[in-house]
Every structure is written in structure tokens, then in C-alpha cells.
Protein chains: 2
Amino acid sequence: MAIISFKLNNNLFLRDPQGTELGQRIIEESIHMIDELGFEQFTFKKLADKIESTEASVYRYFENKHRLLIYLIDWYWTWLDYKMDFAVQNLTNPIDQLKASLKVLIEEKQYDPNFAFVYEPSLQRIVISEFDKTYLTKQVDADNREGLFLPYKSICKKIASIVKQVNPNYPYPHSIVSTALLTVNHQLYYAKHLPSLSDIKYQPEKHYTDLYTFCESFILNAIEK
Amino acid sequence: MAIISFKLNNNLFLRDPQGTELGQRIIEESIHMIDELGFEQFTFKKLADKIESTEASVYRYFENKHRLLIYLIDWYWTWLDYKMDFAVQNLTNPIDQLKASLKVLIEEKQYDPNFAFVYEPSLQRIVISEFDKTYLTKQVDADNREGLFLPYKSICKKIASIVKQVNPNYPYPHSIVSTALLTVNHQLYYAKHLPSLSDIKYQPEKHYTDLYTFCESFILNAIEK
DNA sequence: AATATACAATAGTAACGCTATCATAAACGT
DNA sequence: ACGTTTATGATAGCGTTACTATTGTATATT
């Protein structure tokens with residue numbers, strides 16, 4: 001099994017957490033804690049106690065918990081980007097490429113042993129519940145200028161370019177893709193917590209396939225020539 | 001001009017803010033402050049200083065700032081619900097009803113003198129930036145049980161029932177509507193802050209009509225018989 | 001005239017977000 | 001082998017946030 005790691009934007013951290021043992025424990029344990037407590041209740045103090053370190057040490061890696069959250073979520077989108085490249089390779093038909101990308105987006109994420117200290121099932125739940133909070137802030141423009149949202153924008157661009165191949169005349173390729181990216185996560189959340197907002201039922205296997213069917217149909221119908 | 005006011009869920013507040021002068025100042029000024037500072041930077045202390053009252057007095061109206069945010073946003077959806085009833089009345093064709101509802105959702109909100117202490121343009125910006133934060137929390141199930149999200153769910157249900165009239169066989173009426181509700185606000189935000197995620201350009205007049213065209217087309221294509 | 005009520009004033013507390021300083025142990029360069 | 005950098009731990013501290021409690025007072029209500 002190849003040893004790989006993603007190079008994330010340097011602005012996200014003060015010291016690269018992938019390079020040290022403490023950094024790796026910060027990543028690993030923060031994923032568990034944010035998943036469990038939610039981002040609002042999560043603090044560096046609680047994290048430091050859990051990993052038996054100190055608040056000050058955690059602050060040497062990340063400026064604040066908001067940057068740590070963006071770091072984790074950027075990791076997730078970078079990982080999906082990489083999975084999409086795999087899924088799409090050798091497919092020549094853009095419709096097939098679109099379907100394969102959508103599948104990667106929607107499928108339930110399993111632990112990937114390539115990345116020892118990242119537990120992807122927890123991270124997927126974090127992305128569903130917390131991703132919007134990374135950019136719905138007053139610092140969005142400053143953060144964006146620093147390139148903190150590049151991995152997400154890159155996925156959007158990649159799928160939008162497939163959409164353009166399917167129908168070069170469709171005027172809203174980025175909007176339809178960002179709509180799909182949004183709703184993929186929100187429909188899963190609604191299914192679980194606000195079921196009257198969705199027709200996807202929260203059933204272990206079925207809700208991923210239902211969600212896929214829903215998304216595929218509205219995207220393909222939207223962009224059809 | 002008729003004097004009307006909306007009856008909101010009693011669980012949202014400890015003392016009804018619509019009934020007293022201080023309560024009304026809390027509503028009016030919190031809308032301005034959240035719009036300006038963003039929800040994270042907004043505190044009851046800052047609000048109290050601005051309205052020349054005390055933190056303790058604000059706490060007599062709202063348990064915490066999260067409830068106050070939900071109150072404001074519930075007010076907004078209740079207001080839209082009421083505007084939609086007006087827009088849809090006398091329209092018999094469900095497609096026309098759908099278009100009229102969508103138009104109410106998307107159009108730029110103007111100050112409505114029926115509600116003296118609510119400045120709707122600010123409130124619309126708050127809904128765009130902060131709405132998702134009302135339910136993306138660990139207390140979502142408890143809040144939902146208290147009925148805090150009813151106004152939004154009611155709008156979704158209303159539009160979904162129009163969708164069902166357009167095509168009774170479409171299997172995802174609630175999901176397509178909640179997708180549209182979501183993306184309406186997010187595309188406006190992207191246009192302004194993350195333009196590469198959208199094809200809607202941030203231009204004073206045009207972006208509302210562009211957004212309308214985008215939404216109408218993907219909804220109608222999704223549900224066509 | 002007695003009594004609720006609405007609110008201001010004040011105080012206080014635990015937790016949060018963050019910074020600073022100093023000691024120590026391991027790792028690294030020469 | 002020795003001096004130095006680097007990473008971390010230990011501890012302290014500060015201003016703010018989120019919230020609760022108590023008391024005094026003016027205004028309405030009965």
C-alpha cells in the first residue's frame with residue numbers, strides 16, 4: 001500500500017500537523033471530538049485534555065479552531081478530488097464521467113488505510129454538518145484570498161467542465177454543480193433530522209441510492225441538450 | 001395600512017418581544033447588529049449597550065442568542081409564507097403558482113412598512129448567511145421537537161404540494177423544493193463572495209433575474225412529466 | 001393604598017479564546 | 001562529544017462571553 005499524503009495550503013496551519021506525532025494526534029482526535037460534540041462545543045482545551053497535551057501546544061499548530069475545521073474539510077475535498085480522478089479515468093463518455101463523479105460524492109465513506117490518522121466516516125459527518133460554517137462568516141473574503149477554499153472550488157470546476165462537455169450550451173454549469181454539491185450533504189442531514197424537507201428516507205442502505213437517483217435525474221434533466 | 005403581526009412559536013422566547021417597547025428595540029437592533037457583525041461576533045452585551053439597556057434585560061426576552069436568531073429567521077419565513085399566499089391567490093394553473101412562489105423567494109426584499117421594527121433587507125442578508133446555522137447544530141432534534149423550524153418546513157410543504165399538482169408522479173417533490181430553497185440563498189452568497197462556484201454574476205439588477213432563470217429551469221426540467 | 005410588572009443596576013462565576021514565559025528533553029549540526 | 005536548535009510541557013494570566021442572581025425603583029393595575 002502506497003504511503004501518500006496531501007499537501008494542503010500552508011496558510012491553514014502554523015506548523016504542519018502531518019509532520020509530527022502531536023500534529024497527527026491533533027488531527028485524529030479533533031475529528032472524533034468535532035463529530036461527537038459539534039463544532040460549537042468543541043474547544044482546544046477539551047482537545048488538549050483528551051490528547052494529554054496543553055492548549056498552548058495545540059495553538060502552535062493552528063491559529064484557532066476555525067482554521068483547524070477548514071483544514072479538516074479541505075483534506076476531505078482533496079481526498080474526494082483524488083478519488084474522483086480514479087473513478088473517472090478510462091471513461092471517455094462525459095455522461096459516464098458525470099455519473100462516476102456523482103457516485104464518489106454521494107457514496108458512504110469508508111475508512112481509507114492510506115491515511116492512518118483520518119477516520120473518514122467521522123469526517124464525512126463533519127463535512128455534512130459543519131462545512132457551510134467554514135465560509136458563512138464575515139472573514140470569507142479574507143479567507144478566500146488566502147486560498148482556503150481551493151479544494152472545494154476545484155471539485156466544482158472539475159465537475160462543471162464535465163457538464164460543459166455534455167452540453168456546451170448549458171449556461172449554468174457551475175451553479176448546477178454547486179447546487180448538487182450542496183444538496184448532497186443537506187439531503188442526508190434532512191433525512192436524519194428534518195425528514196419533512198426530503199423524500200429521501202433515512203434507511204441504512206437505501207438512502208444513498210435514492211439520493212443518487214434524485215441528484216442524477218435533476219442534473220441530467222437540467223443540462224440536457 | 002393594516003396593523004398586523006405574526007404569532008410565532010412561544011418556545012422561541014421567554015417574554016414576547018413584540019408586546020413591549022424594549023422587546024421591539026431588541027428585534028430592530030439585533031437585526032442591524034447581526035447583519036453588520038455576523039452571528040458569531042454578535043453578543044447580548046453589545047446589543048444591550050447599543051439599545052442602552054442591560055444584558056440581564058435582554059435575557060428576560062430570549063434564553064440565548066441562538067433562540068433570538070431562530071426567532072428572526074422564523075419571522076422571515078413566516079413573512080414569505082404570507083407573501084406567497086398573496087402572490088399565488090387567483091392563479092389556478094399550478095405551473096403559474098410555482099413560478100409566482102419562486103419569484104417571491106428570489107426577489108430582492110424591500111422594507112415592508114407593515115412591520116415597523118423589522119428591516120427586511122438586513123433580515124434577508126441574515127437569512128442568506130446565518131439560516132443554515134440554526135439547524136446545523138447538535139440540538140437540532142430537540143429544537144425541531146419544540147417546533148422551531150415549522151415556518152420553513154411549512155413553506156417547503158406548500159411549494160412541494162404545488163409540484164405534486166404539476167406532476168403527481170414525480171417522486172422527489174420535497175427534495176427538489178428544499179434544494180431550490182437552499183440554492184436560492186447560496187447562489188446569491190456565492191455570486192458575491194465565491195464567484196467561481198456560480199454562473200450568476202453579482203450585478204445589482206441582473207443577478208436576481210439570472211438566478212430566477214436558473215432555478216425555474218432546473219425545477220421545471222426536474223419535475224416535467 | 002397595596003401590589004404586580006418591567007426594567008435598570010450591580011455583582012459574580014465558569015468557561016472560552018488566546019498570549020506569554022520558562023524549563024526540559026530530544027534531535028541535529030559540526 | 002558539544003553546543004544549539006526545536007518541540008513540547010507547565011504554568012500563569014487577561015479580556016471576553018454566556019449566563020444567573022439580587023436588589024431597587026418607577027409605572028400600571030386592582
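Lettering follows sequence order; numbering is per chain, from 1. These values consider heavy atoms only, across backbone and side chains, with no hydrogens, waters or symmetry-generated copies.
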>> Pick the closest DNA chain D nucleotide for B:Arg60 and for B:Lys65 by heavy atoms, then say which residue is nearer the 5' end.
In response: B:Lys65

>> When you compare the side chain of A:Arg60 with that of A:Leu22, does any pair of heavy atoms fall below 4.5 Å?
In response: no

> Roughly how many Å is it from CZ in B:Phe62 to P in D:dA18, rounded to a whole number?
Replying inline: 16 Å

>> Under 4.0 Å, heavy atoms only, any strand: does A:Tyr61 hit a base, just the sugar-phosphate, or nothing?
In response: sugar-phosphate

> Nearest-Å distance, CG (B:Asp49) to P (C:dA8)?
Replying inline: 12 Å

>> Give me the atom names and distance for the closest heavy-atom approach of B:Thr179 to A:Phe218.
In response: CG2-CZ, 4.4 Å

>> Both A:Ala56 and B:Ala56 contact DNA chain C. Which one's nearest nucleotide lies toward the 5' end?
In response: B:Ala56

>> Tell me if the centroids of the rings in A:Tyr76 and A:Phe131 come within less than 6.0 Å of each other.
In response: no

> Over how many whole Å does the gap from B:Asn64 atom CG to D:dA18 atom C1' extend?
Replying inline: 9 Å

>> Output the rounded distance in Å from CD (B:Glu52) to P (C:dA8).
In response: 10 Å

>> At less than 4.0 Å, is any side-chain N or O atom of A:Thr54 found next to OP1 or OP2 of D:dA10? Yes or no.
In response: no

>> Quick check on D:dT8: is either OP1 or OP2 less than 4.0 Å from any side-chain nitrogen or oxygen of A:Ser53?
In response: no

> What are the residues of residues 8-32 of chain B, sorted by number, that bring a heavy atom to within less than 4.0 Å of DNA chain C?
Replying inline: B:Arg15, B:Thr20, B:Leu22

>> Rounding to an integer number of Å, can you tell me how far A:Gln139 CD sits from C:dG17 P?
In response: 13 Å

>> Is there a side-chain contact between A:Tyr190 and A:Pro195 in this structure, where contact means two heavy atoms from C-beta onward sitting under 4.5 Å apart?
In response: no

> Rounded to whole angstrom units, what separation is found between the CG atom of B:Leu47 and the P atom of D:dT17?
Replying inline: 13 Å

>> I'd like to know if A:Asp85 and A:Lys158 make a salt bridge, using a cut-off of under 4.0 Å between side-chain N and carboxylate O.
In response: yes

>> Salt bridge or not between B:Arg25 and B:Glu28? Use side-chain N to carboxylate O under 4.0 Å.
In response: no

>> I need the NE2-P distance between A:His66 and C:dG17, as an integer number of Å.
In response: 13 Å

> Taking the nucleotide of DNA chain C with the closest heavy atom to each, which residue, B:Glu55 or B:Ile51, is nearer the 5' end?
Replying inline: B:Ile51

> Does a side-chain N-to-carboxylate-O contact under 4.0 Å join A:Asp143 and A:Arg67?
Replying inline: yes

>> Do the side chains of A:Lys45 and A:Glu55 get close enough for a salt bridge, i.e. N-O under 4.0 angstrom?
In response: no

>> Taking the basic N atoms (NZ, or NE/NH1/NH2) and the acidic carboxylate oxygens, is any pair closer than 4.0 Å for A:Asp132 and B:Lys133?
In response: no

> Taking only N and O in the side chain of B:Lys46, is any of them less than 4.0 Å away from OP1 or OP2 of D:dT17?
Replying inline: yes

>> Expected output is a numbered-order residue list: members of residues 33-45 of chain B with a heavy atom under 4.0 Å from any atom of DNA chain C. What is it?
In response: none

